[in-house]
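Working notes, beginning with the structure itself.
Computed from heavy atoms alone, side chains included, the values below leave out hydrogens, waters and symmetry copies.
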Amino acid sequence: MSTPRHRPRQQRSRFTFDAILDAAARLFERDGYAATTTNKVAELAGVSIGTLYHYVPNKDALLYALAERHIGAGMAALSEVFDGLRRTEPPLEDTVRTLVGAVAALHGAEPRMHRLLFDQAPRTPEGVGRLRALEESLAAEVEYHLRRLGVGGPDPGLTALLLVQAVEAQVHGAVLRPPAGRSTDTCVTAVTELWINALRTRPPA
């Protein structure tokens with residue numbers, strides 16, 4: 001089993017579980033996956049190993065829970081960005097720069113942890129479903145702005161989905177594994193300009 005055993009509901013339980021996840025994040029970030037053990041996590045969190053096992057059966061389940069928390073925090077941050085875009089309604093160039101910049105900022109925060117979660121966190125149907133729901137939610141918001149700006153071709157919904165999928169993959173590579181001889185900033189700027197130019201050439205039908 002590679003998912004949490006119990007989802008804490010009471011405030012005290014949530015505090016304990018958050019302390020365990022914070023400790024796991026620090027150890028995974030500092031020592032990597034192989035050197036991190038549940039015993040070390042429990043010790044750093046200040047709980048017994050029995051308490052840790054009450055919530056998770058192994059370190060893969062810790063990674064899964066960290067991935068869930070990572071997705072939730074990312075969605076909250078992007079929601080703030082989208083709220084700002086709805087309020088200000090900037091032109092195409094600024095809209096794309098804001099979107100790509102927000103995705104780059106999420107990838108740039110704790111990059112080693114982000115890479116570990118991407119490479120090692122267990123894939124489960126529930127987790128894949130959450131990622132797909134997140135992707136669809138982001139695409140729907142991007143579609144709103146494509147329609148507002150009068151770009152996106154004859155199918156702005158599909159263009160929005162492709163944009164979300166592509167920017168995620170492109171920024172992931174730019175931040176975590178930039179090509180030799182090129183900086184992350186250079187790559188992120190290239191992604192931004194690529195999509196600005198692509199959208200300019202896809203007017204509505």
Side-chain angles (χ1 to χ4, degrees), residues 29 63 66-121 123 125-205:
E29 178 80 16
L63 273 179
L66 284 170
E68 283 190 318
R69 191 167 75 168
H70 183 75
I71 292 171
M75 189 61 207
L78 290 174
S79 292
E80 290 187 10
V81 171
F82 283 124
D83 287 346
L85 289 174
R86 290 230 180 193
R87 287 195 306 271
T88 59
E89 296 192 340
L92 173 64
E93 293 81 358
D94 292 340
T95 298
V96 175
R97 287 193 183 95
T98 298
L99 292 172
V100 176
V103 174
L106 291 177
H107 282 72
E110 300 181 329
R112 187 177 180 187
M113 173 58 66
H114 190 100
R115 186 183 299 112
L116 180 67
L117 293 174
F118 183 84
D119 292 339
Q120 298 281 357
R123 266 50 168 188
E126 178 187 2
V128 171
R130 289 193 66 187
L131 285 173
R132 180 161 296 179
L134 172 60
E135 182 179 85
E136 291 173 352
S137 175
L138 296 178
E141 192 66 23
V142 170
E143 180 184 357
Y144 167 85
H145 291 286
L146 296 185
R147 292 186 182 277
R148 170 178 69 80
L149 293 163
V151 297
D155 190 346
L158 178 58
T159 300
L161 181 61
L162 294 175
L163 188 153
V164 168
Q165 292 173 337
V167 167
E168 162 61 25
Q170 291 161 350
V171 170
H172 179 88
V175 174
L176 302 183
R177 296 183 177 88
R182 295 173 177 83
S183 69
T184 291
D185 288 344
T186 296
C187 294
V188 170
T189 298
V191 172
T192 303
E193 296 302 320
L194 172 70
W195 277 99
I196 289 173
N197 292 330
L199 292 171
R200 279 176 177 158
T201 59
R202 288 182 62 79

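Listed for the Thr189 side chain is a donor-acceptor partner under 3.5 Å among the backbone atoms of Asp185.
When every heavy atom of Leu161 is checked against every heavy atom of Ala139, the shortest pair comes out as CA-CB, 3.8 Å. For Leu106 against Ala77, the heavy-atom pair with the smallest separation is CD2-CB, 4.0 Å. Listed here is the closest heavy atom pair of Arg148 and Pro90: NH1-O, 3.0 Å. Residue Leu78 comes nearest to Ala102 through the heavy atom pair CD2-CB, 3.8 Å, listed as atom of the first residue, atom of the second, then distance. In terms of heavy atoms, Ala104 sits closest to Val175 at O-CG2, 4.1 Å. Contact detail for Leu146 and Pro156: the closest heavy-atom pair is CD1-O, 3.7 Å.
Listed by first and then second residue, the ring-ring contact (aromatic ring centres under 6.0 Å, His included) pairs involving residues 130-167 amount to none (not counting sequence neighbours). Within the structure, side-chain hydrogen bond (donor to acceptor under 3.5 Å, both in side chains) pairs that include any residue of residues 71-89 comprise Arg86-Glu141 (at least two apart or interchain).
In this view, Ser183 and Thr186 satisfy the side chain to side chain donor-acceptor pair (under 3.5 Å) rule, not counting sequence neighbours. The side-chain contact (heavy atoms from CB on, under 4.5 Å) search around Leu194 returns Gln170, not counting sequence neighbours. With sequence neighbours excluded, the residues that form a salt bridge (Lys or Arg N to Asp or Glu O under 4.0 Å) with Asp94 are Arg97. Checked against ring pair (Phe, Tyr, Trp, His ring centres under 6.0 Å), His70 has the following partners two or more places apart in sequence or in another chain: His114. In this structure, the side-chain contact (heavy atoms from CB on, under 4.5 Å) partners of Glu168, at least two apart in sequence or on a different chain, are Val103, His107, His172. In this structure Glu135 satisfies the salt bridge (Lys or Arg N to Asp or Glu O under 4.0 Å) test with no other residue, sequence neighbours excluded. In this structure Leu149 satisfies the side-chain contact (heavy atoms from CB on, under 4.5 Å) test together with Leu92, Thr95, Val151, sequence neighbours excluded. By the salt bridge (Lys or Arg N to Asp or Glu O under 4.0 Å) test, Arg147 is found to be paired with Glu143, residues two or more places apart in sequence or in another chain being considered.
A heavy-atom distance below 4.5 Å is not found between the side chains of Val100 and Trp195. At least one side-chain heavy atom of Thr98 sits less than 4.5 Å from a side-chain heavy atom of Leu85. You'll find the side chain of Thr159 reaches within 4.5 Å of the side chain of Leu199, heavy atoms only.
One finds the CZ atom of Arg69 at 13.0 Å from the CD1 atom of Ile71 (value rounded to the nearest 0.5 Å).
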